[in-house]
Amino acid sequence: MRSILSQLDDQAAWEEFLAHRLLKGRFTWPLFSDADDWVGNERYLPVAHRFMNGEGPGVPQKKRINKMGTGKKRTVYCFSPDETRVLKLIAFLLYRYDNRFSPNCYSFRRGVKASDAIFRLRKALRGQKMWAYKLDIHDYFNSISIPILLPLLKDLLADDPPLYAFFERMLTDDRALVDGTIVHEPHGVMAGTPTSPFLADVYLMEVDRHFDEAGVVYARYSDDIILFAPDRESLETQKSVLLAYLKEYRLEVNPEKEKIYAPEEPFEFLGFRCQGETIDIAAAVRCKMKGKIRRAARALARWRDAKGIGAEQAMKALIRQFNAKLFEGDDPDSLSWSRWFFPVINRTEGLKEIDHYLQQSIRYLASGRHTKANYRVRYADLKALGYRSLVHEFYRSSSQKHATAH
């Protein structure tokens with residue numbers, strides 16, 4: 001089989017990659033035009049030839065960025081822009097190994113979505129009263145042990161030794177650039193780099209396979225795992241097995257996101273709240289979004305007062321910010337908020353709660369106070385300023401999907 005590295009200077013491979021990203025909505029037209037120009041002028045060749053000739057990427061820059069707008073920070077690593085683009089092509093070509101993963105692994109796989117996990121869990125649980133155990137792995141990507149990962153990766157890439165050698169060089173290089181200074185430290189598979197999702201799936205392949213072969217109702221999306229059992233005793237047994245695996249792989253559970261659900265309770269997974277046939281947005285997601293809205297509204301109120309900006313300008317700024325966050329997304333490589341939730345939910349209580357909170361916050365910018373007088377700013381006034389209701393957009397997208405299906 002032809003090595004993935006040998007395709008890095010292949011114009012046809014690059015054009016297929018760009019077409020795939022465009023069709024998947026990972027490009028705006030300006031971004032696509034820029035990438036198309038970069039590929040058309042073969043500006044990938046210097047990095048591609050370095051990688052093909054046995055070199056790894058340079059030293060990544062270590063950054064601390066806001067985590068989902070919570071005020072918490074997460075660590076990511078960034079290679080140079082050209083190296084990142086070539087790594088994205090490698091990540092795209094790595095999908096040829098997709099059939100090696102267990103069907104209960106739903107993260108970063110071609111043709112597999114987070115919604116598949118929710119729908120398959122609902123189908124598996126239909127008519128049954130099951131206990132559930134959910135956990136989140138702390139700082140998963142950056143905590144992966146490279147000495148444990150490499151033998152697993154070598155086995156998977158047995159048909160592509162040059163690619164394995166490339167990963168071995170990249171992953172065993174412990175350098176990172178921090179404030180202009182090179183430091184040496186373990187950094188796992190480096191969250192934020194294009195190939196880290198694939199490597200993170202490889203790391204827990206054995207765990208996924210165990211629960212699949214054992215017939216346990218189980219789903220994993222990267223660092224989020226949930227499993228089910230018919231009674232509490234069986235759940236504790238499966239929980240012990242899972243925790244033993246994670247200990248063996250030197251991973252830590254985030255205690256704040258560890259939870260057991262009784263059969264009559266709705267369970268929450270991947271931001272969804274599931275109970276029987278109903279699927280809504282999880283309480284934690286609602287709370288997180290309201291926190292983002294609250295912080296943004298307060299910041300705009302301070303800006304308005306300090307600069308003497310008109311209320312309408314501040315209201316429009318808040319509307320623009322959340323239209324982009326909810327319907328467009330901050331990261332072109334990720335689904336927007338609405339594209340993650342809309343295809344899955346069949347209840348709108350969560351959307352209504354967020355809509356109401358955002359409307360209240362926009363009205364707050366009109367007066368600087370939370371009072372009943374704010375309702376002088378009518379819903380029609382909000383729409384005239386550009387406001388888009390989540391509930392309205394949800395029903396509109398559902399109607400479009402229904403019309404397309406017919």
Side-chain angles (χ1 to χ4, degrees), residues 3-9 13-14 17 31 34-35 38-39 41-67 72-94 108 137-154 156-157 160-203 222-223 249-251 330-334:
S3 172
I4 282 177
L5 290 186
S6 71
Q7 301 177 57
L8 300 185
D9 64 353
W14 280 99
F17 170 54
L31 285 175
D34 177 63
W38 189 81
V39 169
N41 288 291
E42 298 184 327
R43 295 210 293 272
Y44 53 83
L45 286 178
V47 174
H49 288 157
R50 277 177 41 214
F51 289 1
M52 294 167 71
N53 291 330
E55 293 185 42
V59 180
Q61 184 177 0
K62 180 181 178 180
K63 295 182 178 180
R64 296 278 289 170
I65 64 173
N66 286 333
K67 184 177 181 180
K72 297 180 181 178
K73 299 284 187 179
R74 66 186 184 102
T75 299
V76 298
Y77 295 83
C78 305
F79 290 106
S80 73
D82 284 356
E83 287 176 333
T84 297
R85 276 177 160 161
V86 177
L87 287 170
K88 285 182 178 180
L89 177 61
I90 293 175
F92 171 74
L93 296 171
L94 281 167
F108 318 114
I137 301 170
H138 174 69
D139 196 21
Y140 176 43
F141 285 27
N142 298 329
S143 298
I144 287 174
S145 167
I146 300 307
I148 294 175
L149 172 64
L150 287 178
L152 303 172
L153 190 61
K154 188 173 187 178
L156 181 67
L157 303 181
D160 194 343
L163 181 62
Y164 171 74
F166 169 81
F167 276 124
E168 185 178 33
R169 283 189 297 273
M170 184 176 79
L171 295 171
T172 54
D173 186 344
D174 65 353
R175 296 176 299 166
L177 195 62
V178 181
D179 297 328
T181 301
I182 292 179
V183 300
H184 294 265
E185 60 183 13
H187 46 45
V189 298
M190 293 173 285
T193 60
T195 55
S196 60
F198 170 80
L199 297 169
D201 276 355
V202 172
Y203 196 61
S222 188
D223 56 355
Y249 284 91
R250 302 178 189 174
L251 299 171
D330 300 323
D331 180 358
D333 288 325
S334 301

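Computation of the quantities below employed the complete heavy-atom set of this structure, encompassing side-chain atoms and omitting hydrogens, waters and symmetry-equivalent molecules.
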*Asks:* Begin from the C-alpha positions of D9 and M52 and carry the test side-chain contact (heavy atoms from CB on, under 4.5 Å) through to its verdict.
*Replies:* CA-CA 9 Å; D9 64 353; M52 294 167 71; 3.6 Å; yes

*Asks:* Any idea which heavy atoms bring F79 and G58 closest together, and the distance?
*Replies:* CE2-O, 3.1 Å

*Asks:* Looking only at heavy atoms, which two atoms of T193 and M190 are closest? And how far apart?
*Replies:* OG1-O, 2.7 Å

*Asks:* To the nearest 0.5 Å, tell me how far H138 NE2 sits from S143 OG.
*Replies:* 6.0 Å

*Asks:* Give the C-alpha distance, both sets of side-chain angles, the deciding distance and a yes or no for side-chain contact (heavy atoms from CB on, under 4.5 Å) between L171 and I144.
*Replies:* CA-CA 10 Å; L171 295 171; I144 287 174; over 6 Å; no

*Asks:* Is it the case that more than 12 heavy atoms not belonging to N41 sit under 6.0 Å from its CG atom?
*Replies:* yes

*Asks:* Could you tell me if D82 and W38 have a donor-acceptor pair between their side chains, going purely by distance under 3.5 Å?
*Replies:* yes

*Asks:* Looking at every heavy atom in both S196 and A191, which two are closest together, and how far apart are they?
*Replies:* OG-CA, 4.2 Å

*Asks:* Any ion pair linking E55 and R169 (charged N to carboxylate O, less than 4.0 Å)?
*Replies:* no

*Asks:* For R175, enumerate each residue passing the salt bridge (Lys or Arg N to Asp or Glu O under 4.0 Å) test, keeping only those at least two apart in sequence or located in another chain.
*Replies:* D173

*Asks:* I'd like to check L251 versus D223 (side-chain heavy atoms, cut-off strictly below 4.5 Å). Are they in contact?
*Replies:* no

*Asks:* For the atom pair NE2 (H49) and CG (L5), what is the distance rounded to the nearest 0.5 Å?
*Replies:* 12.0 Å

*Asks:* Can you measure from OH (Y77) to OG1 (T84) and round to the nearest 0.5 angstrom?
*Replies:* 14.5 Å

*Asks:* Using a strict threshold of under 4.0 Å (side-chain N to carboxylate O), is an ion pair present between K62 and D174?
*Replies:* no

*Asks:* List the residues meeting salt bridge (Lys or Arg N to Asp or Glu O under 4.0 Å) with D160, not counting sequence neighbours, and say none if there are none.
*Replies:* R96

*Asks:* Keeping Y44 on the side-chain end and L8 on the backbone end, is there a donor-acceptor pair under 3.5 Å?
*Replies:* no

*Asks:* Is P60 close to C78 at the side-chain level, that is, under 4.5 Å between some pair of heavy atoms?
*Replies:* no

*Asks:* Under a 4.5 Å cut-off applied to non-hydrogen side-chain atoms, are K88 and F17 in contact?
*Replies:* yes

*Asks:* Is there a side-chain contact between V202 and L149 (heavy atoms, below 4.5 Å)?
*Replies:* yes

*Asks:* Start with the C-alpha distance between F166 and F51, add both sets of side-chain angles, then the distance that settles ring-ring contact (aromatic ring centres under 6.0 Å, His included), and finish with yes or no.
*Replies:* CA-CA 7 Å; F166 169 81; F51 289 1; 4.9 Å; yes

*Asks:* Shortest non-hydrogen contact from I148 to L152?
*Replies:* O-CG, 3.6 Å

*Asks:* In sequence, state the C-alpha distance, the side-chain angles, and the governing distance for M170 and T195, and then conclude on side-chain contact (heavy atoms from CB on, under 4.5 Å).
*Replies:* CA-CA 11 Å; M170 184 176 79; T195 55; 3.5 Å; yes

*Asks:* Does the side chain of F92 come within less than 4.5 Å of I4's, by heavy atoms?
*Replies:* no

*Asks:* Compare all side-chain heavy atoms of E168 with those of K154 and state whether any distance is below 4.5 angstrom.
*Replies:* no

*Asks:* Does any part of the side chain of K63, heavy atoms only, come nearer than 4.5 Å to the side chain of T75, both counted from C-beta?
*Replies:* no

*Asks:* Do Y249 and Y203 make the cut of ring centroids closer than 6.0 angstrom?
*Replies:* yes

*Asks:* Identify the two heavy atoms, one from A35 and one from R85, that lie closest to each other, and give their separation to 0.1 Å.
*Replies:* CA-NH2, 3.9 Å

*Asks:* With a 3.5 Å distance limit and no angle check, can you tell me whether S145 reaches the backbone of R250 through a side-chain donor-acceptor pair?
*Replies:* no

*Asks:* Restricting to non-hydrogen atoms, name the atom on H187 and the atom on A176 that form the minimum distance, rounded to 0.1 Å.
*Replies:* CD2-CB, 4.5 Å

*Asks:* Supply the atom-to-atom distance S222 OG to Y140 OH, rounded to the nearest 0.5 angstrom.
*Replies:* 6.5 Å

*Asks:* Are I90 and F198 close enough, and set up right, to give a side-chain contact (heavy atoms from CB on, under 4.5 Å), and what steps lead you there?
*Replies:* CA-CA 10 Å; I90 293 175; F198 170 80; over 6 Å; no

